[in-house]
Colleague: 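Got a structure here, written out as structure tokens. Questions coming.
One-based numbering, in listed order, for ligands and for the atoms of each.
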Amino acid sequence: MYADRLRETLPRVRASIEEACVRAGRAPGAVTLVAVTKSHPFEAIEAALEAGLTDFGENRVAELEEKVARFGRPDGVRWHMIGSIQSRKASRLPGVADLVHSVERLKVARKLADAVVGSKLPVLAQVNTSGEDAKGGFEGARVVEEILEVAGLDGLRLDGLMTMAPFVDDEAVLRGTFRRLRETLESVRHHAPHVGETLSMGMTNDLGIAIEEGSTMVRVGTALFGARPGYEAA
Ligand SMILES: *Cc1c(COP(=O)(O)O)cnc(C)c1O
């Protein structure tokens, strides 16, 4: 079932990414597609690997652990943690995540950094660009200073920033949200040039606009795999 679905959906998603790159005058390879497999069974990942996908996003630590236990961490496959992290679970992530997108606050950043043994853990700082209470992430007047503190932690390698846009259709609002993330990264890199240039922004409903505004990584679930079975975690 997942294999059949991906035969239809993956070319469509890839085409939307490429078309947005062309509109923005960017190279088609400039955007990484992270397939968001959260709450989908192993079969979804099997089909996705078969279809040539390499990057998988999960939003719960336990589910990420189960999937990494099943599929391992072979070369060329990357596991992305994209969901809110309870600080008591942070120490489990360095063993299973190749990139943690959802470092939402300093406390979690410090817990992650403390848990790292060996090479630095690649992370993104999540920014609440929409100001919605329900969304996590650094926000407010000190956002750049706080992200610079993350950048300074031993144990972490800050690759860039991540955001979730508000659930609206208003293109101007979405564009503004994504632009704010790009400008925040410019400010951070102005003070800390060693910070990476990854902008993780864009999901099923807004990936074209996100790419036009400079996204380098889109996180796509529904457009690839259909509606998620069972619960819908925030
Ligand atoms: C679920 C989720 C996605 C994927 O959302 P879709 O609308 O299904 O593409 C992307 N990013 C985060 C952080 C998510 O939790």
Colleague: Is the shortest side-chain N to carboxylate O distance from Glu213 to Arg180 below 4.0 Å?
Modeller: no

Colleague: Ligand 1 and Asn59, any nitrogen or oxygen pair closer than 3.5 angstrom?
Modeller: no

Colleague: Under 4.0 Å from a heavy atom of Thr222: which atoms of ligand 1 are those, numbered in the order shown and with their elements?
Modeller: 6 (P), 7 (O), 8 (O), 9 (O)

Colleague: With heavy atoms of Arg219 as the reference, note each atom of ligand 1 found under 4.0 Å away.
Modeller: 4 (C), 9 (O), 10 (C), 11 (N), 12 (C), 13 (C)

Colleague: Looking only at non-hydrogen atoms, which of Met201, Lys38, His80 approaches atom 14 (C) of ligand 1 most closely?
Modeller: Lys38

Colleague: Do NZ/NE/NH1/NH2 and the carboxylate oxygens of Glu66 and Arg60 come within less than 4.0 Å?
Modeller: no

Colleague: Can you list the atoms of ligand 1 that are under 4.0 Å from a heavy atom of Met203?
Modeller: 3 (C), 5 (O), 7 (O), 9 (O), 10 (C), 11 (N)

Colleague: side-chain hydrogen bond (donor to acceptor under 3.5 Å, both in side chains) with Glu58: which of His40, Lys67, Lys38?
Modeller: Lys67

Colleague: Under the rule for salt bridge (Lys or Arg N to Asp or Glu O under 4.0 Å), what residues qualify as partners of Glu19, not counting sequence neighbours?
Modeller: none

Colleague: Can you sort out which atoms of ligand 1 are near Val220, meaning under 4.0 Å from one of its heavy atoms?
Modeller: 9 (O)

Colleague: Once you restrict to heavy atoms under 4.0 Å, what part of His101 touches ligand 1? Side chain, backbone, both or neither.
Modeller: neither

Colleague: Quick one: list whatever passes salt bridge (Lys or Arg N to Asp or Glu O under 4.0 Å) with Glu18, sequence neighbours left out.
Modeller: none

Colleague: Can you name the atoms of ligand 1, numbered from 1 with element, that are less than 4.0 Å from a heavy atom of Gly221?
Modeller: 4 (C), 6 (P), 8 (O), 9 (O)

Colleague: Please determine whether residues Leu161 and Val123 belong to a single hydrophobic cluster, defined as Ile, Leu, Val, Met, Phe, Trp and Tyr linked transitively by side-chain heavy-atom distances below 4.5 Å.
Modeller: yes

